[in-house]
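Notes to accompany the following structure.
Since the structure is predicted, the reported quantities are computational estimates derived from the model, not experimental observations.
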Amino acid sequence: MSHLPFKNYMEDAVEHMLNRLAPEYPEACMCDRCRTDMMMIALNNLPPRYVSTHKGDVLQRAMGMELQYEVEILTEVMRAIRIVSGQPHHGRNEEGL
Ligand SMILES: [Zn+2]
């Protein structure tokens, strides 16, 4: 049997939230490596939410989910930014606590 296409909505939501929060953490490194670490930490702490990517009803459903889970996503992304920016793991000179 086949199935319709779907994906984990949280991946987009976390990336979107990270882009939104990044300007508020000017001291945090936002290179590709650190951003990836932040996204993985946040995603590991958030339950996956799979949505169908079939047809045009995805956007509306995703927007509803964004409101529903916004606080959770915000909390986990903020936590991930603090964790990663507190771990100088690729040759940064200054270590913030
Ligand atoms: Zn970095």
Side-chain angles (χ1 to χ4, degrees):
M1 265 186 74
S2 187
H3 62 78
L4 297 176
F6 60 85
K7 67 170 184 177
N8 182 5
Y9 158 76
M10 283 296 182
E11 292 181 22
D12 283 355
V14 163
E15 185 166 27
H16 184 248
M17 185 63 78
L18 186 56
N19 289 337
R20 207 173 107 188
L21 290 177
E24 296 178 30
Y25 294 86
E27 76 286 357
C29 179
M30 287 289 166
C31 72
D32 286 352
R33 177 170 173 175
C34 289
R35 283 171 52 89
T36 304
D37 284 350
M38 290 166 188
M39 284 185 62
M40 288 192 301
I41 290 169
L43 284 167
N44 280 336
N45 287 317
L46 288 162
R49 302 289 174 190
Y50 291 100
V51 293
S52 167
T53 55
H54 184 66
K55 286 186 179 174
D57 61 345
V58 178
L59 186 61
Q60 200 169 13
R61 204 188 303 181
M63 276 163 50
M65 290 174 72
E66 190 157 6
L67 291 174
Q68 189 176 349
Y69 298 113
E70 183 167 22
V71 175
E72 264 182 273
I73 296 167
L74 179 73
T75 302
E76 293 303 332
V77 171
M78 282 172 58
R79 194 206 311 268
I81 290 173
R82 286 198 208 99
I83 291 171
V84 172
S85 61
Q87 289 174 340
H89 56 200
H90 61 85
R92 286 195 304 148
N93 292 325
E94 50 204 19
E95 301 183 16
L97 285 179

Heavy-atom side-chain contact between Glu72 and Pro47 under 4.5 Å: yes
Approximate separation, where rounding is to 0.5 Å, of Ser85 OG and Asp37 CG: 11.5 Å
Value rounded to 0.5 Å, distance of CG in Leu43 from CE in Met38: 13.5 Å
Salt-bridge contact Glu70-Arg20 (side-chain N to carboxylate O under 4.0 Å): yes
Chi angles and distances behind the side chain to side chain contact (heavy atoms under 4.5 Å, CB included) call for Met78, Glu24: CA-CA 10 Å; Met78 282 172 58; Glu24 296 178 30; over 6 Å; no
Rounded distance [0.5 Å steps], CG in Asn45 versus CZ in Arg79: 6.0 Å
Arg35/Asn19 under side chain to side chain contact (heavy atoms under 4.5 Å, CB included): CA gap, chis, key distance, verdict: CA-CA 9 Å; Arg35 283 171 52 89; Asn19 289 337; 2.9 Å; yes
Transitive ILVMFWY side-chain link Met40 to Leu21, under 4.5 Å: no
Taking every non-hydrogen atom, the tightest pair across Ile41 and Ile83: CD1-CG2, 3.9 Å
Distance, nearest 0.5 Å, that separates CZ of Arg82 from OH of Tyr25: 4.5 Å
Minimum heavy-atom distance Thr36-Asp32, with the two atoms named: OG1-O, 2.6 Å
Inter-residue atom distance Asn44.CG - Met10.CE, 0.5 Å rounding: 12.5 Å
Check: Thr53 side chain, Pro5 main-chain N or O, donor-acceptor pair, under 3.5 Å: yes
From Thr75 atom OG1 to Tyr69 atom OH, the distance as rounded to the nearest 0.5 Å: 14.5 Å
Flag, side chain of Asn8 to backbone of Tyr50, donor-acceptor distance under 3.5 Å: no
